[in-house]
Amino acid sequence: QVNLVESGGGLVQAGGSLRLSCVASGGSFGRYSVGWFRQTPGRDREFVATINKIGTRVNYASAVEGRFTISRDNAKNTVYLQMDNLKPEDTAVYYCSWSSVTSGAAKDYGTWGQGTQVTVSS
């Protein structure tokens, strides 16, 4: 079983940048697609971005396309989410998870970690 731990969140002003990391342990990380999702209180987990197992195919939610970049380094068992030009509406807890398919649906993903809080002030 692959376990993923998110880090890199924080407080940033609108227009700023953050880079989130998702580090894997306990399984064959390179066999899986990885997705980033985010959630705010009272709302369902929302798709942000996904990357296939070898990093050749990525997909983004329309709300973040052009501002966020997902990438992976399988040698380091890590997936990154570079977030630029952040907006207050990007404020959420960000989660990563693994999947055998490249999907934007949370139901297609495995276990979830604790997440990392991103707060964007206006």
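When reading the values below, keep in mind they use all heavy atoms of this one structure, side chains included, and skip hydrogens, waters and symmetry mates. Throughout, residue positions are numbered sequentially from 1 according to the sequence presented. Being a predicted model, the structure only gives us computed values, none of them experimental.
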Nearest 0.5 angstrom please: [X] [atom1] to [Y] [atom2], how far?
X      : Y      : atom1 : atom2 : value
Thr91  : Glu89  : OG1   : CD    : 8.5 Å
Arg31  : Ser100 : CZ    : OG    : 10.0 Å
Ser28  : Asn74  : OG    : CG    : 11.0 Å
Ser33  : Ile54  : OG    : CD1   : 10.0 Å
Thr102 : Asn52  : OG1   : CG    : 5.0 Å
Arg72  : Lys53  : CZ    : NZ    : 9.5 Å

Identify the heavy atoms of [X] and [Y] that sit nearest to each other, and give their distance.
X      : Y     : result
Leu4   : Val2  : CD2-CG1, 3.7 Å
Tyr94  : Met83 : CE2-SD, 3.9 Å
Leu81  : Ala49 : CD1-CB, 4.2 Å
Asp84  : Ser17 : OD1-OG, 2.7 Å
Thr50  : Val34 : OG1-O, 3.2 Å
Thr111 : Ser97 : O-OG, 2.8 Å

Exercise for the section: Examine Tyr109 together with Phe37 and report whether their ring centres are nearer than 6.0 Å. Expected result: yes
Exercise for the section: May I ask you to check whether Trp36 and Phe47 place their ring centres under 6.0 Å from each other? Expected result: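 When the ring centroids of Phe47 and Trp36 are compared, they turn out to be at least 6.0 Å apart.
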Problem - Connected via hydrophobic side-chain network under 4.5 Å: Val48 and Val12 - result: yes
Problem - Val23 reachable from Phe29 in the ILVMFWY side-chain graph, under 4.5 Å edges - result: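 Shared cluster, no.
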Quick one: does [X]'s side chain have a donor or acceptor within less than 3.5 Å of a partner on [Y]'s backbone?
X     : Y      : value
Glu6  : Cys96  : yes
Tyr95 : Thr116 : no
Arg38 : Val93  : no

Exercise for the section: Return the set of residues passing side chain to side chain donor-acceptor pair (under 3.5 Å) with Thr40 (not counting sequence neighbours), or none when no residue passes. Expected result: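 Thr40 satisfies side chain to side chain donor-acceptor pair (under 3.5 Å) with no other residue.
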Practice task
Please tell me if the side chains of Thr56 and Ile51 come closer than 4.5 Å, counting only heavy atoms from C-beta onward.
Solution key: no
Exercise for the section: Could you please spell out the steps behind the side-chain contact (heavy atoms from CB on, under 4.5 Å) verdict for Phe68 and Leu86? Expected result: CA-CA 9 Å; Phe68 291 10; Leu86 282 160; 3.8 Å; yes
Practice task
Using the six-membered ring of Tyr80, assess whether NZ or CZ of Arg19 lies under 6.0 Å from its centre and within 45 degrees of the ring axis.
Solution key: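 Cation-pi check for Arg19 and Tyr80: passes.
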Practice task
Could you tell me whether Arg45 sits above the aromatic face of Trp112, with NZ or CZ closer than 6.0 angstrom to the six-membered ring centre and within 45 degrees of the axis?
Solution key: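 Yes, a cation-pi geometry.
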Exercise for the section: Take Asp108 and Ser99 through the side-chain hydrogen bond (donor to acceptor under 3.5 Å, both in side chains) test and state the conclusion after the steps. Expected result: CA-CA 6 Å; Asp108 292 329; Ser99 176; 5.8 Å; no
